2 protein chains.
Amino acid sequence: MEEKNKRQPPSNEEFMPHLAYDSVIFGFNGKQLKILVLEYHNTDFFALPGGFVKRDESVDDAVKRGLRERTGLENIYLEQFHTFGDVSRPAPDVMRTILMNNGYEVKHDYWMFDRFVSIAYYALINYEEVSPLPDELSDSINWYSLDELPSLMMDHQQIVDKALETLRENLDKKLVGMNLLPQKFTMKNLQKVYEAVLGEKLRRTSFQRKMLSKDILVRHEKLFNGGAHKAPYLYSFKSKIVKEPEKV
Amino acid sequence: MEEKNKRQPPSNEEFMPHLAYDSVIFGFNGKQLKILVLEYHNTDFFALPGGFVKRDESVDDAVKRGLRERTGLENIYLEQFHTFGDVSRPAPDVMRTILMNNGYEVKHDYWMFDRFVSIAYYALINYEEVSPLPDELSDSINWYSLDELPSLMMDHQQIVDKALETLRENLDKKLVGMNLLPQKFTMKNLQKVYEAVLGEKLRRTSFQRKMLSKDILVRHEKLFNGGAHKAPYLYSFKSKIVKEPEKV
DNA sequence: TAGTTATTGTCTCAATTTGTTACAATAATA
DNA sequence: TATTATTGTAACAAATTGAGACAATAACTA
């Protein structure tokens, strides 16, 4: 490639050393659960959107900042699920390749080559409302189905696995559907979310009865979607009573 | 007090800056759930057992090391449950008091006065097998019932609350009883553990039926404990099939 | 306009799980 | 041998969940 201007990378005066976050951003396209994966410039490295924590910023806020920059969304449902602290995590060679291929001039002992502990969060966003933006270091940021993920760098596949595991455990108690669907949705839409998260088919009648008995849904007008059949009702979540743990 | 020799505190070359752990160590005395709380020398500061992570050590291993030093136990059930990363966490004045009252000579910019993110774990240990040892900085380390905790420093009460919340959620799926009881126990012992964790009374017959139907217990000989009544069976967990997530 | 089709909402009954009560078995003691 | 407290399990009721049936109904077709 041609010579680029050598740029100065971020100084570690702004950020906490050894501390990073990674985010598993879930979206739902109506059929499948997907996550956002980015690809670094001029490398074959696929990674989760992550970043560093500023010295005067809480970890939660750092993650929110990263999500805002990449999705444009302000109010994102966020859940911290695990912190990855193995000594085998650091991959200075990977980091060096990424920075060098982005035209940065980095010293041998640059802070990003140190060991990092990563605090991992998952986010739930409305797939339709967002057009993800690649950051400065990335070529692209795209939705991938969980069963068609590219090979992810470092321990990011492990992070995805743990995120999905936690999402499944939280499915009933955290009203996951609310954050993956548009405000109004049919019972079938909601069932598809459950099926995508759990990875299994559910029985229609039992699911409907269970959801209606929970007293969390409000029924609205019918949706005439052009199908040659009875029109389904639209529902929304009886929100605002709900616990919203990690909103901006 | 009399003058002490000024000692040199640990250097930050050994440890990762800004990174700490705290542990909520649960034990069960047959009636109540208790946790270990330590008191620093010459202060009124009560705190959870915590520590720092060495540069060549995983976070898990750092926690295990701290537990080994304080309890003498090697194989401790450990579960990471949350990372606390608020900017309001750091309390340099508290840290300074602790170190100064321990006779350490510390500079104004000593690393322990920086901001710390704390990775929190809970541990389950067999109350009877352990005689906790205070560490170098502490006067004492003692068992406290959850409803009789002293006022804890910094955000440690919040950490305890979250630990208990997570323990409750994990009660059924992680075989908590196994790690809080001696190897052999009666059904009543097990029920007491459940009641202590959940903070509510359970119905004897339903509990017994539920536990026996799970296929996780092995029945042994009867326990003749001198009571003027039918002797209960002893049980142990059908272990080794069980997922053991965080053993040393 | 009446019949066709696919889907929806709800009902019913069966199967399973859980709540509750009852009761016989049994160690130690009087 | 009777008494007492507790244990293990059975029995029945209540609640929840599984599975199938069926009427209602949009849009389309004849």
Side-chain angles (χ1 to χ4, degrees), chain A residues 28-31 168-169 171-173 175-177 181-238, chain B residues 28-31 168-169 171-173 175-177 181-238:
Chain A
F28 181 69
N29 71 349
K31 292 179 181 171
R168 284 179 178 164
E169 288 170 358
L171 183 54
D172 271 317
K173 58 185 182 210
L175 299 188
V176 166
L181 289 170
Q183 221 207 335
K184 289 187 179 175
F185 49 87
T186 65
M187 194 59 76
K188 174 158 251 170
N189 296 150
L190 186 58
Q191 187 177 339
K192 291 277 181 196
V193 171
Y194 270 67
E195 291 177 340
V197 170
L198 295 176
E200 64 185 59
K201 287 276 175 197
L202 299 176
R203 194 158 287 272
R204 183 181 65 92
T205 55
S206 302
F207 181 79
Q208 181 135 342
R209 179 173 51 191
K210 180 175 137 190
M211 285 300 139
L212 291 177
S213 71
K214 276 179 182 239
D215 194 41
I216 54 172
L217 297 178
V218 184
R219 178 177 284 181
H220 300 281
E221 73 281 6
K222 288 187 171 187
L223 169 68
F224 299 95
N225 56 8
H229 51 74
K230 191 173 179 179
Y233 287 105
L234 285 170
Y235 295 88
S236 66
F237 281 95
K238 196 182 273 183
Chain B
F28 182 69
N29 70 350
K31 292 179 181 170
R168 283 178 177 163
E169 287 169 0
L171 184 55
D172 270 318
K173 59 184 181 212
L175 301 189
V176 167
L181 288 170
Q183 219 205 337
K184 289 187 180 176
F185 50 87
T186 65
M187 193 59 75
K188 174 157 251 170
N189 295 150
L190 186 58
Q191 186 177 341
K192 291 277 180 194
V193 171
Y194 270 68
E195 291 177 341
V197 170
L198 295 175
E200 64 185 59
K201 287 277 175 197
L202 299 176
R203 197 160 285 272
R204 183 181 64 93
T205 53
S206 303
F207 181 78
Q208 180 136 343
R209 181 174 48 192
K210 182 174 135 191
M211 285 300 139
L212 291 178
S213 71
K214 277 180 181 235
D215 195 39
I216 54 172
L217 296 179
V218 184
R219 179 178 283 181
H220 300 281
E221 74 281 5
K222 289 188 169 185
L223 169 68
F224 300 96
N225 56 7
H229 52 74
K230 192 172 178 178
Y233 288 105
L234 286 170
Y235 296 88
S236 67
F237 282 95
K238 196 184 275 183

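To find a chain, count down the sequence lines: A is the first, B the second, and so on, and within it residues start at 1. Computed from a predicted structure; not experimentally measured.
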- Message: Heavy atoms from C-beta onward define the side chain here; which of C:dT21, C:dT8, C:dA27 lies closest to that of B:R203?
- Response: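 Per side-chain heavy atoms of B:R203, the pick is C:dT21.
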- Under 4.5 Å between any side-chain heavy atoms of B:K222 and B:L234, yes or no?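 SC-SC contact between B:K222 and B:L234 ruled out.
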Expressed in angstrom and rounded to an integer, what is the separation of [X] atom [atom1] from [N] atom [atom2]?
X      : N      : atom1 : atom2 : value
A:K188 : C:dA6  : NZ    : P     : 13 Å
A:F207 : C:dT8  : CZ    : P     : 13 Å
B:L223 : C:dT26 : CG    : C1'   : 14 Å
B:N225 : C:dA27 : CG    : C1'   : 9 Å
B:M211 : C:dT18 : CE    : C1'   : 14 Å
A:K210 : C:dT17 : NZ    : C1'   : 16 Å

- Message: Has A:E195 got a side-chain atom pairing as donor or acceptor with A:L202's backbone, closer than 3.5 angstrom?
- Response: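 A pair under 3.5 Å: yes.
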- Query: Counting only distance, no hydrogens or angles, is the base of C:dG9 paired donor-acceptor with the side chain of A:R204 under 3.5 Å?
  - Reply: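 Yes.
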- Is B:R209 side chain donor-acceptor paired with the C:dG19 base, going by distance under 3.5 Å alone?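 When only heavy-atom distances are counted, B:R209 does reach the base of C:dG19 through a donor-acceptor pair under 3.5 Å.
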- Query: Tell me, which pairs form a ring pair (Phe, Tyr, Trp, His ring centres under 6.0 Å) where one or both residues lie in residues 201-221 of chain A, sequence neighbours left out?
  - Reply: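 Sorted pair list: A:Y194-A:F207.
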- Measure from NZ or CZ of A:R219 to the centre of the six-membered ring of A:Y233, then state whether that distance is under 6.0 Å and the direction lies within 45° of the axis.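 Yes - A:R219 lies over the ring of A:Y233, closer than 6.0 Å to its centre and within 45° of its axis.
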- Which is the 5'-most and which the 3'-most nucleotide of DNA chain D that has an atom under 4.0 Å from a heavy atom of chain A?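 So the outermost contacting nucleotides come out as D:dT17 to D:dA27.
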- Does NZ in A:K31 sit with more than 12 non-hydrogen atoms of other residues, nucleotides or ligands closer than 6.0 Å?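 No, NZ of A:K31 has 12 or fewer neighbouring heavy atoms, counting only those of other groups under 6.0 Å.
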- Message: For A:A231 and B:Y235, find the nucleotide of DNA chain D closest to each by heavy atoms; which residue's nucleotide sits nearer the 5' end?
- Response: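 That would be B:Y235.
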- Message: Closest-nucleotide mapping onto DNA chain D: is B:Q208 or A:T205 further toward the 5' terminus? I mean the 5' end.
- Response: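 Per heavy-atom nearest nucleotide, the more 5' residue is B:Q208.
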- Task: Output all residues satisfying side-chain contact (heavy atoms from CB on, under 4.5 Å) with A:S206, sequence neighbours left out; order by chain, then residue number.
- Result: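 In terms of side-chain contact (heavy atoms from CB on, under 4.5 Å), with neighbours along the sequence ignored, A:S206 is linked to A:R203, A:R209.
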- Task: Take B:F224 and A:Y233, find for each the nucleotide of DNA chain C with the closest heavy atom, and name the residue whose nucleotide sits nearer the 5' end.
- Result: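 Result of the comparison: A:Y233.
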- Presence of B:K222 side-chain N/O under 4.0 Å of C:dA27 phosphate oxygens OP1/OP2: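 It does, given that an N or O in the side chain of B:K222 lies less than 4.0 Å from OP1 or OP2 of C:dA27.
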- Give the intermediate values and the outcome of ring pair (Phe, Tyr, Trp, His ring centres under 6.0 Å) for residues B:F185 and B:F237. CA-CA 9 Å; B:F185 50 87; B:F237 282 95; 5.2 Å; yes
